[in-house]
Amino acid sequence: MKYPYIREFSSTLVNWYYKEKRDLPWRHTTDPYKIWVSEVMLQQTRVDTVIPYYHRFINKYPTLESLAYAPQEELLKMWEGLGYYSRARNLQTGVREVVEKYNSKVPNNRHDITKLKGVGPYTAGAILSIAYNEPEHAVDGNVMRVLSRVLHIKEDIALPKTKKVFEEAVTQLIFKKDPGSFNQALMDLGAQICTPTSPKCLLCPVREYCLAFQEGKPEELPIKSKKQKNKKIKYDIYIAIDEDGKYLLQKRPSEGLLANMWEFPMIEIEKENILKSYEIFQKSYDLNITDFLNDQLLKFKHVFSHLTWEMDCHLVQVQKTSKLPKDSNFYSIDEITKLPMSVPMLRILNILK
DNA sequence: AATTCGGGGAT
DNA sequence: ATCCCAGAATT
């Protein structure tokens, strides 16, 4: 399609951004490493959530090298509560690649930077445009919403191939004097004005260039199809205390959900189970429950994006055993506090404190 | 192309 | 409850 107001749209948008942009921590630097950290944290995560994590993370790991040499458990602890923990592991992998293969210089072209672990099309474009002033697209959900309205694009944004349409659009629209500001302006507009529901069109600096506003129904765009189904899994959680008052913890596998994070032992409740869950627990950890201290310590749900855990927590006294399974051990509360744990496990830990 | 990965805030 | 957020990796 032809969109006749490219120059006016782009300069108007950027001028609005210069005047109205939010004062965010990562907007005080052009260090590609720090921009990288911020962009990874911001993946599927709100600005307000990221800000305190960003400060603490940069304070702890101010340089590529400091992150490259950090112990993974310490890194995960820094990421604790932020979610999508593979982002942290992939970021460290990517940072190590830069230190080793690129002499600690973050690549300044899409070909090389996209090869880095955890750096996809969006993050590549964000780093290149913001840190290196390169005219590269950075299309996220925000940008697709804004441009679906401005350009009246009715293709399903849930389909992977649709993103190309927006990437090509940005490539044509981008403000080449200041690509980083242009990309961030699109996102700021999406966050503050062109919101998912009830967009503030009367405050929009580019509404006279917006085809959806002219059509009268900007809130009906973008079009997005699929909704994911949410499976439920029930667990009995065993908070097991030994004779020394220490608690049994299990480290999760190195792949999959909450990889390498610690948790109180979880026994999935399945209908076809013949044994009671406490029997399975005793058998798996090769120990004996000597006392059921509290069979209704805490019962709650935790909702992930693609599944829900229903957790029933039991406090039990156990006899210490010398043959615990791999990656499990007894720890004091102080020791537990230093280990990375998921939010539902932190909730249990808080009850114990 | 579809699924898997967290968690929280807005509606 | 539902949506969606400065997405990427895996299948």
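Within every chain, numbering begins at 1; the chains are lettered A, B, ... in the order of the sequence lines, protein sequences first and strands thereafter.
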Next item on the list: Give, ordered by number, those residues of residues 247-262 of chain A having at least one heavy-atom distance below 4.0 Å to an atom of DNA chain B; if nothing qualifies, reply none.
Entry: A:Gly256, A:Leu257, A:Leu258
Checklist line | Under 4.5 Å side-chain linkage, directly or through intermediates, the cluster mates of A:Ile269 | finding: none
Could you pull out all donor-acceptor pairs under 3.5 Å where a side-chain atom in residues 38-50 of chain A meets a protein atom, sequence neighbours excluded?
unit_1, atom_1, unit_2, atom_2, d
A:Ser38, OG, A:Ile35, O, 2.7
A:Glu39, OE1, A:Tyr122, OH, 2.6
A:Gln43, NE2, A:Thr123, OG1, 3.0
A:Thr45, OG1, A:Met41, O, 3.3
A:Thr45, OG1, A:Gln43, O, 2.8
A:Thr45, OG1, A:Arg87, NH1, 3.1

Next item on the list: Please determine if A:Arg56 forms a cation-pi arrangement with A:Tyr54, meaning its NZ or CZ atom is less than 6.0 Å from the six-membered ring centre and no more than 45° off the ring axis.
Entry: no
Notebook entry, point to check: What is the distance from NZ of A:Lys161 to P of B:dA2, rounded to the nearest Å?
Noted result: 10 Å
Note to self: Applying side-chain contact (heavy atoms from CB on, under 4.5 Å), can you list everything that pairs with A:Lys323, at least two apart in sequence or on another chain?
What the structure shows: A:Asp286, A:Thr321
Notebook entry, point to check: Do any of residues 337-352 of chain A sit with a heavy atom less than 4.0 Å from DNA chain C, and if so which?
Noted result: none
Next item on the list: Output all residues satisfying side-chain contact (heavy atoms from CB on, under 4.5 Å) with A:Asn260, sequence neighbours left out; order by chain, then residue number.
Entry: A:Gln72, A:Leu76, A:Arg89, A:Lys251, A:Ser254
Check: In chain order, what residues pass the side-chain contact (heavy atoms from CB on, under 4.5 Å) check against A:Glu136, with sequence neighbours excluded?
Finding: A:Arg110, A:Leu128, A:Glu134
Note to self: Need one value for A:Leu307: base, sugar-phosphate or nothing, where a base atom within 4.0 Å counts as base even if backbone is also close, heavy atoms only.
What the structure shows: nothing
Between protein and nucleic acid, restricted to nucleotides 2-6 of chain C and to nitrogen or oxygen atoms under 3.5 Å apart, what atom pairs and distances do you find?
unit_1, atom_1, unit_2, atom_2, d
C:dC4, O2, A:Arg46, NH2, 3.1
C:dC5, OP1, A:Arg145, NH1, 2.6
C:dA6, OP2, A:Asn142, ND2, 2.5
C:dA6, O5', A:Asn142, ND2, 3.2
C:dA6, O4', A:Asp140, OD2, 2.5
C:dA6, N9, A:Tyr122, OH, 3.2
C:dA6, N7, A:Glu39, OE2, 3.2
C:dA6, N6, A:Trp26, NE1, 3.4
C:dA6, N6, A:Arg27, NH2, 3.0
C:dA6, N1, A:Arg22, NH2, 3.3

Below 3.5 Å, can you tabulate the donor-acceptor pairs from side chains in residues 301-315 of chain A to any protein atom, sequence neighbours excluded?
unit_1, atom_1, unit_2, atom_2, d
A:Thr308, OG1, A:Asn230, OD1, 2.9
A:His314, ND1, A:Asp295, O, 3.0
A:His314, ND1, A:Asp295, OD1, 2.8
A:His314, NE2, A:Asp236, OD1, 3.0
A:His314, NE2, A:Asp312, O, 3.4

Notebook entry, point to check: Which part of the nucleic acid, if any, lies within contact of A:Thr123, taking any heavy atom under 4.0 Å across all strands shown: a base, the sugar-phosphate backbone alone, or nothing?
Noted result: sugar-phosphate
Notebook entry, point to check: A:Tyr285: what forms a side chain to side chain donor-acceptor pair (under 3.5 Å) with it, not counting sequence neighbours?
Noted result: A:Gln250
Item checked: ring pair (Phe, Tyr, Trp, His ring centres under 6.0 Å) contacts in which one or both residues fall within residues 326-350 of chain A, not counting sequence neighbours -> A:Trp262-A:Tyr331
Next item on the list: Please name all residues satisfying side-chain contact (heavy atoms from CB on, under 4.5 Å) with A:Lys217, sequence neighbours left out, ordered by chain then number.
Entry: A:Glu219, A:Glu220
